[in-house]
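Worksheet: the structure to be examined is printed underneath.
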Amino acid sequence: MQQMYDVLIIGSGPGGVGAAIESKVLGLEKILVIEKGDNHSQTIRKFYKDNKRVDKDYQGQEVEIKGNVQFLDGTKESTLDYFDQLIDNEEIDVVFNSEVEKVEKQEGYFLVTTAKATYKAQNVIIAIGKMGKPNKPSYKIPPSIRQKVNFNLERCTHGEKILVVGGGDSASEYAVYLAKENTVTLNYRKKEFTRLNSINAKEIADANGEERLRLRMGRNILSLENESGAVKVNYDDGYSVVYDRIIYAIGGTTPVEFLKKCGVALDEGKQPIIDENFETNNKGMYIVGDLAVDSGGSIAIALNHAFHAITHILGKK
Ligand SMILES: Cc1cc2nc3c(=O)[nH]c(=O)nc-3n(C[C@H](O)[C@H](O)[C@H](O)COP(=O)(O)OP(=O)(O)OC[C@H]3O[C@@H](n4cnc5c(N)ncnc54)[C@H](O)[C@@H]3O)c2cc1C
C-alpha cells in the first residue's frame, strides 16, 4: 500500500522548511517535502549575492516569530547553514530534483504528481514562492541582447556600466554591491524609495551622496534596443542611455497555471484565495510564504505562515 502522508509540503524554501520543522516539533509524524531544485532554498541560492546580509525585518517589516524556528539576522551563507541544520536535526525527508506538476483531490486525500512518482497525503502545503518566474518588464526585450538583460547577479563580472531597476531592498542591495566594481545607475519609477529597510535606505543615501552610484528616480523605461551588442535604454524623459547590462529586481510572478492544476480558486487579480489559516478553497490544501501575500514576503513571514498552517492542521485532528 502506498504511504499516506499527514502533510506533503511542496517547495523547500523558508515556508516549506518551516512547515516541515513545525510538523515534526508539534507532532505530525508522516511528512514529506518535494523540491524542484537539487537543494533546498533555491530563491536564496539563486537570487542572493554571496555574503549578502540577510535581515529578519526585510523591507522594513518588523516581524515577531511565532513558531519554533528562531530566525535571526545573518548572511546568505549562515541562513543556508541554519536551514541545513534544521533539516538534519529533525531528519526531514526531502525529495530533490522533483517538480510537482499537479495536485488532485480524491475521496479523503490528495494525489500529488511529479514527473517521476505520485504521492498520497491528507494535507498539502504549497510553499513554492514566486521567484520561479521573476517579473519581467511589460516592454519587449530584444532577443539579441537577452544575455545582457538579467534577473540576478549570476552573469555579472566587473568594470561594466550597469543599470539596476527596482525600488525594493533587493534592487538597492544589488546596486550598492555592484557599485564596488562597476559603474551603476539605480532606476526606480517612483520619486522616493518607500519600502527600503533603514539599513538599505542609509546605504543608498550614502552611496548616492558619495557618488558611488547614480540614482535615476521617478523615471519609467519605455523600451530597450540593441546598440552594438549593448543595451540602449529609452526613458520617458526623452533621454536614452547605453549600458553593458541591465538587472531587473522587481519581484516574482504568481504561478497561476500551477495553482489552477491544484484546484485553487483565484481572485480577480489572479492571487490565490486563502482564509485566515492560509487554507484554500480546497480544504486541507494550504498556501504559505511569498505565494500567500500580494507583495512584501520575507523569511520570517513565511516561517510564521508555516507555523500557523500546521497548528491549524493539528487543531482538526
Ligand atoms: C534578492 C532578494 C533578497 C532578499 N532578501 C531578504 C532578506 O534579507 N530577508 C528576508 O527575510 N527576505 C529576503 N528576501 C525574500 C525571501 O527570500 C522570500 O520572502 C522567501 O524566500 C520566501 O520563501 P518561500 O518559502 O515562500 O519561497 P521560496 O524561498 O521562493 O522557495 C520556494 C521553493 O519552492 C521550490 N519550487 C518551486 N516550484 C516547485 C514545484 N512545482 N515543485 C517543487 N518545488 C518547487 C523552489 O525551487 C524553491 O526552493 C529576498 C528576496 C530576494 C529575491
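Atoms within each ligand, like the ligands themselves, are counted from 1 in listed order. Every value quoted in this text rests on a predicted model; they were computed, and no experiment measured them.
Taking the charged nitrogens against the carboxylate oxygens, Lys316 and Glu279 do have a contact shorter than 4.0 Å, which makes a salt bridge. Between Asp290 and Lys130 no salt bridge is recorded (no basic side-chain N to carboxylate O distance below 4.0 Å). Between Lys148 and Asp244, no side-chain nitrogen of the basic residue sits less than 4.0 Å from a carboxylate oxygen of the acidic one, so the salt-bridge criterion is not met. Salt bridge status for Lys24 with Glu22: absent, with no side-chain N to carboxylate O gap under 4.0 Å. We find that Lys261 and Glu101 are not joined by a salt bridge, their nearest charged nitrogen and carboxylate oxygen being 4.0 Å or further apart.
Comparing Ser98, Gly13, Gly132, Ser170 by heavy-atom distance to atom 31 (O) of ligand 1, the nearest is Gly13. Between atom 18 (C) of ligand 1 and the options Asp290, Val63, Val33, the minimum heavy-atom separation is to Asp290.
The closest approach between a heavy atom of Phe71 and any atom of ligand 1 is not below 4.0 Å. Taking a 4.0 Å cut-off on heavy atoms, Ala249 fails to register as neighbouring ligand 1. Residue contacts with ligand 1 include Ala127, since one or more of its heavy atoms lies under 4.0 Å from the ligand. Ligand 1 does not have His305 within reach: every non-hydrogen atom of the residue lies 4.0 Å or more from it.
In this structure, Phe278 has its ring center at least 6.0 angstrom away from the ring center of Tyr286.
When only non-hydrogen protein atoms are considered, atom 15 (C) of ligand 1 lies nearest to Tyr58 CE2, 3.6 Å. The shortest contact between atom 35 (C) of ligand 1 and any protein heavy atom is with Glu35 OE1, 3.3 Å. From the protein, the heavy atom lying nearest to atom 11 (O) of ligand 1 is Ile299 N, 2.9 Å. Shortest contact from atom 40 (C) of ligand 1 to any protein heavy atom: Val100 N, 3.8 Å. Closest protein heavy atom to atom 51 (C) of ligand 1: Tyr48 CE1, 3.6 Å. With hydrogens left out, the protein atom closest to atom 23 (O) of ligand 1 is Pro14 CD, 3.4 Å, a heavy atom. Looking only at heavy atoms of the protein, atom 39 (C) of ligand 1 is closest to Ile128 CG2, 3.6 Å. Annotation: atom 34 (O) of ligand 1 to nearest protein heavy atom, Gly11 CA, 3.3 Å.
Checked against a 3.5 angstrom limit, the closest N/O atoms of Glu173 and ligand 1 fall outside it. Note: no N/O pair closer than 3.5 Å links Asn39 and ligand 1 by distance alone. For the pair Lys52 and ligand 1, the shortest N or O to N or O distance falls below 3.5 Å. For the pair Tyr174 and ligand 1, the shortest N or O to N or O distance does not fall below 3.5 Å. Residue-to-ligand polar distances place Lys36 within reach of ligand 1: an N/O pair is separated by less than 3.5 Å. Between Gly15 and ligand 1, at least one N/O pair is under 3.5 Å apart.
Below 4.0 Å from some heavy atom of Ile10 lie the following atoms of ligand 1, by number and element: 42 (N), 43 (C). The distance from ligand 1 to the heavy atoms of Asp55 drops below 4.0 Å at these ligand atoms: 7 (C), 8 (O), 9 (N), 10 (C), 11 (O). Less than 4.0 angstrom separates some heavy atom of Ser298 from each of these atoms of ligand 1: 11 (O), 12 (N), 19 (O). For ligand 1, the atoms closer than 4.0 angstrom to any heavy atom of Glu99 are 40 (C), 41 (N), 42 (N). Listed by atom number, the atoms of ligand 1 under 4.0 Å from Ile34 heavy atoms are 43 (C), 44 (N). Counting the atoms of ligand 1 from 1 in the order shown, those under 4.0 Å from a heavy atom of Gly297 are 19 (O). Atoms of ligand 1 lying under 4.0 Å from any heavy atom of Gly289, numbered from 1 in the order shown and given with element: 26 (O).
The cationic group of Lys52 lies under 6.0 Å from the six-membered ring centre of Tyr48 and within 45° of the ring axis, placing it in a cation-pi geometry. For the pair Lys56 and Phe71, the NZ or CZ position fails the cation-pi test of under 6.0 Å to the six-membered ring centre and within 45 degrees of the ring normal. Arg216 forms a cation-pi arrangement with Tyr235, by the criterion of a distance under 6.0 Å to the ring centre and an angle within 45° of the ring axis. Figure legend: Lys136 and Phe151 shown as a cation-pi pair, the cationic atom lying under 6.0 angstrom from the six-membered ring centre and within 45 degrees of its axis.
A perpendicular orientation is assigned to the rings of Phe83 and His40, their planes being inclined by more than 60° (bins at 30° and 60°).
Side-chain contact of Glu99 with Thr114: a donor-acceptor pair under 3.5 Å is absent, judged by distance alone.
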- [ ] List the steps and the verdict of salt bridge (charged side-chain N to carboxylate O under 4.0 Å, His left out) for Arg53 and Asp55.
- [x] CA-CA 6 Å; Arg53 201 187 66 245; Asp55 302 316; 2.9 Å; yes
Task: Residue pair Arg245, Asn150: steps toward the side-chain hydrogen bond (donor to acceptor under 3.5 Å, both in side chains) verdict - done: CA-CA 8 Å; Arg245 188 175 300 285; Asn150 307 154; 2.7 Å; yes
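Considering Ile310, Ile31, Leu8, Ile10 in turn, Ile310 is the only one that fulfils the side chain to side chain contact (heavy atoms under 4.5 Å, CB included) rule with Ile125. Checked options Ile21, Leu314, Ile313; the residue passing with Leu26 is Leu314 (criterion: side chain to side chain contact (heavy atoms under 4.5 Å, CB included)).
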